Amino acid sequence: VQDKAIKKTEDNSIAEKLKRKKITDLRDAIGINEKFRFINELFEGNMKEYNIAIDYLNSHITLSNAKIYINDLKNIYKWKDDDTITINFSEMVERKFL
């Protein structure tokens with residue numbers, strides 16, 4: 001039982017390290033399943049709009065500009081701040097600016 005607790009703690013620390021790892025290119029960092037989940041759940045199935053957003057966020061902008069852009073997307077697509085998919089997308093974008 002103690003071994004499971006230790007392993008779970010190690011898994012969490014590895015996950016936390018990955019969450020803090022810098023992303024240089026969002027397109028490369030987002031896996032295929034995650035990509036289609038973002039497209040379907042955040043961009044109403046519109047791949048073109050998703051690609052525009054990723055291209056913009058990958059361009060040489062600041063974190064504050066990225067946050068403004070994400071807030072605009074939240075308003076346009078009615079994203080919920082407490083929705084897991086919204087949080088995942090926002091966290092990935094923030095990692096680009098670490």
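What you see is a predicted model; the values in this text were computed from it and never measured.
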So, using side chain to side chain donor-acceptor pair (under 3.5 Å) as the criterion, who are the partners of Asn75 when residues are at least two apart? none
Applying a strict under-4.5 Å side-chain criterion to I, L, V, M, F, W and Y, I'd like to know whether Leu98 and Ile23 cluster together. no
Please confirm whether the backbone N or O of Arg95 pairs with a side-chain atom of Lys22, one donor and one acceptor, at under 3.5 Å? no
Within the structure provided, determine whether Tyr77 and Leu42 are in side-chain contact (heavy-atom separation under 4.5 Å). no
Please check if Ile76 and Ile85 belong to a single hydrophobic cluster, counting links between Ile, Leu, Val, Met, Phe, Trp and Tyr side chain heavy atoms closer than 4.5 Å. yes
Taking only distance into account, with no hydrogens and no angle test, what donor-acceptor pairs under 3.5 Å do side-chain atoms of residues 49-61 form with protein atoms, sequence neighbours excluded?
unit_1	atom_1	unit_2	atom_2	d
Asn51	OD1	Arg27	NH1	2.9
Asn51	ND2	Met47	O	3.3
Asp55	OD1	Arg27	NH2	2.4
Asn58	OD1	Leu26	N	2.9
Asn58	ND2	Asp25	OD1	2.8
Ser59	OG	Tyr56	O	2.5

Phe36 CZ to Phe43 CZ distance, which is reported to the nearest 0.5 Å: 13.5 Å
Donor-acceptor check, side chain of Thr86 to backbone of Asp81, threshold 3.5 angstrom: yes or no? no
Lys67 side chain near Phe97 side chain, heavy-atom distance below 4.5 Å: no
side-chain hydrogen bond (donor to acceptor under 3.5 Å, both in side chains) contacts touching residues 29-42 (sequence neighbours left out): Arg37-Glu41
